[in-house]
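These notes are about the structure you will find just below.
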Amino acid sequence: MSYITGPEIVKYACTCGLLKPLPELYFCRHCSQIRCSFCLCHAVDSFFCGKCSENIPSAEARHKKNRCANCVICPSCQQELSTRVASKGPINPDDAKSAVKKSYYLSCHFCHWTSRDVGIPDQPSATGCWPERENVHINRLQEVLDVYQDIMLSQQQQKENSKKKRGKFVSYTDRTGVTASALRRRIGIPDIPHAKIKKPKPLDPAIAKSEVEELPEDIFTEPLKLMEITTIDQRLMQPESQPLTVDKLFPIHKQLTIKRSLRCRTCEHNVCKPEYNPTSVKFKIQLFAYYYIPEIRFVTVEPLRAGQTSELIIKFTNPTQHQTTITIFDLDLEEQEKYVEEQKLFDIIDNFEQAMSLEEKQQLSLPSLVMSSGSQPSSMYSLQSRQPSVIVKPRKINQAVNCNVAIPESTFILPPRDDAAEYDDSSDVHNIEDDPKLVKWRKSNKAFIKLAVTPAADLKIDDEVVCGFTMQHIYTNVIPAIVENMPHKYDHKVRVFFRLGKIVGSE
Amino acid sequence: MQRNNIKVIPGALVCEESKLRGDITIGAGTIIHPNASIIAEAGPIIIGENCLIEEQVKIIHRLPFDQQNKDTTPVLIIGSHNVFEVDCTVEAPKIGNHNVFESKCFVGNKVTVSNGCIIGAGCKVTEEQILKENICIFGSNCQMRECIDKPAVSTRKQLLLI
Ligand SMILES: [Zn+2]
Ligand SMILES: [Zn+2]
Ligand SMILES: [Zn+2]
Ligand SMILES: [Zn+2]
């Protein structure tokens, strides 16, 4: 769809103040607010291999350095390698009936690199235990890793011993996974102190050398053979060996892909949750703004001249199953600024209160946390996905507007989406009373709207013209649990910005 | 307008719907699919044995501007076991054996192709050069590498088609 929405002509303002095109936005049904990837909490749901579609538990993924054990990619072009059969003659040449001995090698369909190119012997089985190359620095790396692990453990214990927890949530995870003592506390077993609280043993530091080997004599005389030298990309794909010449390239294990879920930072509800199965491209929860907020597309605009009024035509589409009424208001960026200031003030008050009743709050938040995670499929799962929540503070919308939009006096109705209408030409009649000055044409759930835009008088030729307005639409809430104590329908406002194009010369 | 002079050696398969213009000789075992066009504009084209020329392939014998208006008529010789995949355009003045021109690739009229080369799908080669043996061009940036393993596709593909 990016070819339609890709050129970022129409942008919507997220609640946090960032401008994004509609397909990149989410809509939290619980807060009834627009959210973008910046103001949502991201969590890794599952790891899987994009080639063999195998689901890999996160502990195993961590152990295997986030790579698939079975699939390999081409070291030359980074595409997936496939196994090829190379049949050698029969095992017993005298006996015509004896089975043909088969052997297998890896080959890239894209750049025609094969495992034979670098002298990897053919394997007798298709799944092939392809030889791994030893890393010459493995011992040193392991030492460094071990020491790092020790340092982290001792820091962890210090933190737990000092008992002082800040913030609303307890972090159950760290860089080494779920900590044992956090788990203990969660299931109610008293925390036993670790037997080995040891000081991390210092490591021999790496020594910097100023003498380096002289360049070989022939480097200036021998002609360069570009065909034998690896590219930067190829070297960086194998950071442990960084081969200089192509004959040292080795198949690389394919990196795993993740599925992630997105959570609203304000209400802790999921706005996007994929299905666990790697082969499924569906979602359990997908609150994309595209399904809730009317989509606006730029249709056409008369040539823009500084200080002169042009006609702008835009198309509104109602994506929901409910009729909505759209009203266009002034952009009113000052109001947004005020809102940002207000939120800052709230924040200061919040922080103050939090400081006052830190102990009290913590006791309150723990049981509620257990309750909310009870609805999750597995409790381990929620442990991993829960991260300390940080509320993103809204910011001022950073977009200058240099074109005035004449705000229409009337509103217009968008009928609900009807998938069948696409194929039905007869039902083009509608009995909606429209203001002919505003609505140019309509079909099923779409309406084409005329607006008068006037670029600022001081603009020069080739200046980019940006205009905007606030769109108010009636949002129908359909979550049954919430409907009872919340209004069923209410007005939702969103600021929309248009890049209309450039100022052209006078007639 | 020159007369068409097409010579098809027995054993070759040339579809009626293919577009052949000028002086063309087609070797035994070569298959020309419908809608392929071979245009001998600047001089005769001689296609070797067991070549495969697929749909919408354009093989054009056209000289660069600076070499036109010469007295001698150059001959475009295409070797044996070459594969021209769907919708590739080849204007090379000389083509050896066992080359593969993948789909939608473009080879300009200043590029001489030797033996065992693979021009990857969508790659455009226009700069004046001689492609050495077993060169493989691939990717959106037309990266070049030397193939050690010979492509064995051509013969297998033809067997499947017959
Ligand atoms: Zn946001
Ligand atoms: Zn895999
Ligand atoms: Zn490759
Ligand atoms: Zn929310």
Side-chain angles (χ1 to χ4, degrees), chain A residues 72-89 100 102-123 128 130 222-238 243-252, chain B residues 52 54 81-88 96-107 111-125 127-157 159-160:
Chain A
V72 277
I73 62 167
C74 173
S76 162
C77 68
Q78 290 97 47
Q79 302 296 310
E80 281 149 17
L81 286 174
S82 46
T83 315
R84 272 206 180 167
V85 190
S87 43
K88 284 177 189 160
V100 179
K102 277 180 180 172
S103 65
Y104 299 86
Y105 66 100
L106 295 168
S107 140
C108 173
H109 286 310
F110 194 58
C111 71
H112 303 273
W113 184 92
T114 65
S115 55
R116 292 169 168 185
D117 283 11
V118 290
I120 300 172
D122 290 6
Q123 297 293 312
W130 298 102
E222 284 290 300
L224 203 61
K225 282 182 194 146
L226 282 177
M227 221 72 85
E228 288 173 8
I229 292 167
T230 52
T231 63
I232 295 283
D233 283 342
Q234 287 167 354
R235 281 179 210 182
L236 295 183
M237 283 304 285
Q238 300 183 306
L244 291 178
T245 47
V246 286
D247 59 316
K248 293 199 180 68
L249 291 173
F250 234 68
I252 307 158
Chain B
L52 174 63
E54 295 185 349
H81 300 282
N82 290 303
V83 178
F84 298 82
E85 291 184 1
V86 177
D87 204 10
C88 69
N97 306 320
H98 294 284
N99 296 296
V100 180
F101 300 88
E102 290 187 356
S103 299
K104 284 196 179 277
C105 71
F106 179 88
V107 180
V111 184
T112 306
V113 183
S114 63
N115 301 316
C117 293
I118 302 169
I119 319 290
C123 288
K124 282 192 169 55
V125 190
E127 209 52 42
E128 185 166 0
Q129 61 188 307
I130 297 167
L131 291 182
K132 281 192 216 135
E133 301 218 341
N134 302 326
I135 291 289
C136 171
I137 297 174
F138 65 96
S140 50
N141 297 328
C142 294
Q143 267 193 71
M144 243 190 224
R145 63 176 291 271
E146 205 180 335
C147 290
I148 293 150
D149 210 44
K150 273 253 174 83
V153 248
S154 59
T155 42
R156 208 181 66 213
K157 236 184 190 173
L159 284 175
L160 282 173

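We name chains A, B, ... by the order of the sequence lines, and we start the count at 1 in each one.
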Note: A:Phe110 and B:Phe138 closest approach over all heavy atoms is O-CB, 3.8 Å
Which portion of A:Thr231 sits near chain B, non-hydrogen atoms under 4.5 angstrom: side chain
Rounded to the nearest 0.5 Å, what's the gap from CG on B:Asn134 to NE2 on A:His112? Could you check? 12.0 Å
Which atoms form the tightest heavy-atom contact between B:Arg145 and A:Ser76, and what is the distance? CD-OG, 3.5 Å
Grab the two heavy atoms, one from A:Cys111 and one from B:Cys147, that are nearest each other, plus how far apart they are. O-SG, 4.3 Å
Under 4.5 Å from any heavy atom of chain A, what part of B:Ile135 do you find: side chain, backbone, both or neither? side chain
Just wondering, more than 12 heavy atoms not from A:Ile229 lying within 6.0 Å of its CD1? yes
Do you know which two heavy atoms are closest between A:Gln234 and B:Gln143, and how far apart they sit? NE2-OE1, 3.9 Å
Given side chains that start at C-beta, do those of B:Glu146 and A:Lys225 come closer than 4.5 Å, heavy atoms only? no
